[in-house]
Novice: 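Structure provided below as structure tokens; questions to follow.
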Amino acid sequence: MTAPPAGPALPAGWAITLDPQARRTDGGRTLIGGFPLRILRLTPTGARWLDSVAAGGAVPGTPGTRTLARRLTDGGLAVPHPTVSTQHTAADVALVIPVRDDAAGLRRALASRGEVGEVVVVDDGSQDPSAVEAAALAAGARLLRNDTPAGPGAARERGWRATQRPVVAFLDADVELPPDALAGLLAHLDDTTLAAVAPRVRARRGTAPGWLARYEEVRFPLDLGPLPGPVRPGSRVSYVPTAALLVRRAALEAVDGFDPALHLGEDVDLVWRLVAAGWSVRYEPEVVVHHPCRPDLLRALRQRLRYGTSTAPLAARHGRAGAPLGISGWSALAWGAVLLGHPGAGVGVAAGTTAALVPKLSGLDHPMAESLALAGRGHLWAGRAVADALRRPWWPLAAVVGWRCRRARPALVAAAVVPPLLEWREQRPALDPARFAVLRLLDDLAYGTGVWLGGLQARSLTALFPRFSGPIRR
């Protein structure tokens, strides 16, 4: 197989475990997983080594084994587990908090921060600046003020450039930072290739009604889920928000920080530019911070719509990196046939791709069984991804197709109803399936409407185009 490009060896003393979605076959001699999907054949020595470290044991200190561990973690086949940082302490951290008219949230964020090297609050044109000033000064923070709102990206940009520390922590004014969060994130920066690391952002009820809070416990837009991984376009985690983000100053300087012209999506843009410049970014969900839900459904849907409008300027800067659907051409053909009312043709295409995969897996012990497993999972995943795209950015097109093509209606109804119900079954929120499904549909429609509004404003629909993925790497 062609291994992913390797940086320096994984830091000494770190441990690794297999990624939760990776699996071993052929008696442990074959490893399948990663982003993009890879098949790695291990030597007997390599298999024994992986046995010894995959349960969480420290990687042996030899350069060769630590370099192999690096390749596995960079490729998404394994998860790194750092020890306590040997290079950075809390005194090395500058905390930057942008705020606009949320003095109460700012007070909570500042009270939760713990000891850091310096704290800068950027008031982005608050209508009541005195309340923000009082909260900042009471906590000993340095206050910068924009007389008129410039946007969160511009506020963060001004804030970090006013600091001197080697590490910058960005925190939204309504996010609370647990006492141990900073240490858990700082440890990752002992990896010199890492530009940034982000925790999991979970919903906190705040003033939201109970039913909305229960929905956002499992469908909060800033919550990227429980699985860790490398952050890059096409990966399981394609971006991380700056609601809570730890960034190496040298990396910020290398890409010239945030783009102040972006009022939305500036965090996604920063992460993608860091990755394009050769840095790595990591998502660490074992560290959790909390962000309040929107106080009512209207404001929650308005938030989703605004997020959708960010896709057009991101597409103008990064092309298909944020495509609403990444799919192989064969899966697209199979599900396209199903959508147009020809399920038999779709099954035929899927069967053909499964058969074509067998020769490519001839080095495995059971190539037919593995072909069925890989192709089956791939087509099922693709079907769910197509359904998500039909409910979200493509819903106006789906409505037109359903109106004009009667044969497509059953598939479109299934795409609208089945995935939300499957998600309810998987997540088991404290909410009945009917209300969960309705809220999920409203959520998706609001975001998709934002995608179209943003595209029309930018006079470009590039953000609607899918991205076709390549073959499995070996």
Side-chain angles (χ1 to χ4, degrees), residues 3-17 19 34-35 58-59 63 66-90 92-96 116-117 156 160 163 165-171 180-201 224 227-258 267-287 289:
L10 205 68
W14 283 30
I16 65 170
T17 55
D19 182 83
F35 318 104
V59 175
R66 286 166 48 210
T67 298
L68 177 56
R70 156 77 66 190
R71 289 175 175 168
L72 295 178
T73 57
D74 284 356
L77 290 157
V79 178
H81 299 281
T83 56
V84 176
S85 177
T86 61
Q87 298 182 17
H88 299 290
T89 67
D92 295 322
V93 178
L95 179 62
V96 176
V116 293
R156 294 187 182 99
W160 81 263
T163 67
R165 308 287 166 157
V167 179
V168 181
F170 295 104
L171 192 71
D180 58 346
L182 195 57
L185 298 176
L186 272 174
H188 282 277
L189 292 185
D190 282 9
D191 178 354
T192 58
T193 71
L194 193 71
V197 57
R200 185 178 184 183
V201 182
L224 302 177
L227 299 181
V231 180
R232 55 178 176 261
S235 186
R236 181 171 60 213
V237 182
S238 62
Y239 72 95
V240 285
T242 43
L245 184 68
L246 201 68
V247 191
R248 194 185 302 272
R249 171 178 290 277
L252 280 169
E253 292 172 344
V255 299
D256 201 26
F258 292 91
D267 40 12
V268 181
D269 172 70
L270 174 69
V271 167
W272 289 350
R273 285 189 289 113
L274 287 169
V275 172
W279 293 90
S280 59
V281 179
R282 191 167 295 143
Y283 174 57
E284 177 50 276
E286 288 189 4
V287 179
V289 301

Novice: Closer than 3.5 angstrom, by distance alone: can the side chain of Asp190 be matched with the main-chain N or O of Ser85 as a donor-acceptor pair?
Specialist: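 It does not hold such a pair.
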Novice: For the pair Asp19 and Leu77, evaluate side chain to side chain contact (heavy atoms under 4.5 Å, CB included) and give the outcome as yes or no after the intermediate values.
Specialist: CA-CA 5 Å; Asp19 182 83; Leu77 290 157; 5.7 Å; no
Novice: With Asp180, which residues qualify under salt bridge (Lys or Arg N to Asp or Glu O under 4.0 Å), at least two apart?
Specialist: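 Result, salt bridge (Lys or Arg N to Asp or Glu O under 4.0 Å) vs Asp180: none returned.
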Novice: Side chains of Ser280 and Asp74: is there a donor and an acceptor less than 3.5 Å apart?
Specialist: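 No pair is found: no donor N or O on one side chain lies under 3.5 Å from an acceptor on the other.
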Novice: Just checking, is any N or O donor in the side chain of Arg70 or Thr193 under 3.5 Å from an acceptor N or O on the other one?
Specialist: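 On atom types as modelled, these side chains qualify, holding a pair under 3.5 Å.
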Novice: First locate atom CZ of Arg236, then atom CG of Leu227, and finally report the distance between them rounded to the nearest 0.5 Å.
Specialist: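 Interatomic distance, Arg236 CZ to Leu227 CG, rounded to 0.5 Å: 4.5 Å.
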Novice: Quick one: are Thr89 and Leu186 in side-chain contact, heavy atoms under 4.5 Å?
Specialist: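 Not touching, per the 4.5 Å side-chain cut-off.
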Novice: Is it the case that the side chain of Arg248 and the backbone of Leu194 share a donor-acceptor pair, with hydrogens and angles ignored and the cut-off at 3.5 Å?
Specialist: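 Yes: the side chain of Arg248 pairs with the backbone of Leu194.
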Novice: Below 4.0 angstrom, N of the basic side chain to O of the carboxylate: do Arg282 and Asp191 qualify?
Specialist: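 A salt bridge is present here (some side-chain N lies under 4.0 Å from a carboxylate O).
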Novice: Any donor-acceptor pair under 3.5 Å linking the side-chain atoms of Thr163 with those of Arg249?
Specialist: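 Result is yes, a qualifying pair exists.
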Novice: Just to verify, what does Arg200 make a side-chain hydrogen bond (donor to acceptor under 3.5 Å, both in side chains) with, not counting sequence neighbours?
Specialist: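 Testing Arg200 for side-chain hydrogen bond (donor to acceptor under 3.5 Å, both in side chains), a comparison that skips the adjacent residues, returns Asp223.
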Novice: CG of Leu185 to CG of Leu246: how many Å apart, nearest 0.5 Å?
Specialist: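 It comes to 5.5 Å.
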Novice: Please report whether the ring centroid of Tyr283 lies less than 6.0 Å from that of Tyr239.
Specialist: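 When the ring centroids of Tyr239 and Tyr283 are compared, they turn out to be at least 6.0 Å apart.
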Novice: Can you list, pair by pair, the side-chain donor-acceptor contacts under 3.5 Å of residues 270-277, counting residues two or more places apart and other chains?
Specialist:
| unit_1 | atom_1 | unit_2 | atom_2 | d |
| --- | --- | --- | --- | --- |
| Trp272 | NE1 | Ser238 | O | 2.8 |
| Arg273 | NE | Asp269 | OD2 | 2.9 |
| Arg273 | NH1 | Val255 | O | 2.7 |
| Arg273 | NH1 | Gly257 | O | 3.2 |
| Arg273 | NH2 | Gly257 | O | 2.5 |
| Arg273 | NH2 | Asp269 | OD2 | 3.2 |

Novice: Where the side chain of Ser235 meets the backbone of Pro230, is there a donor-acceptor pair that is under 3.5 Å apart?
Specialist: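 Present.
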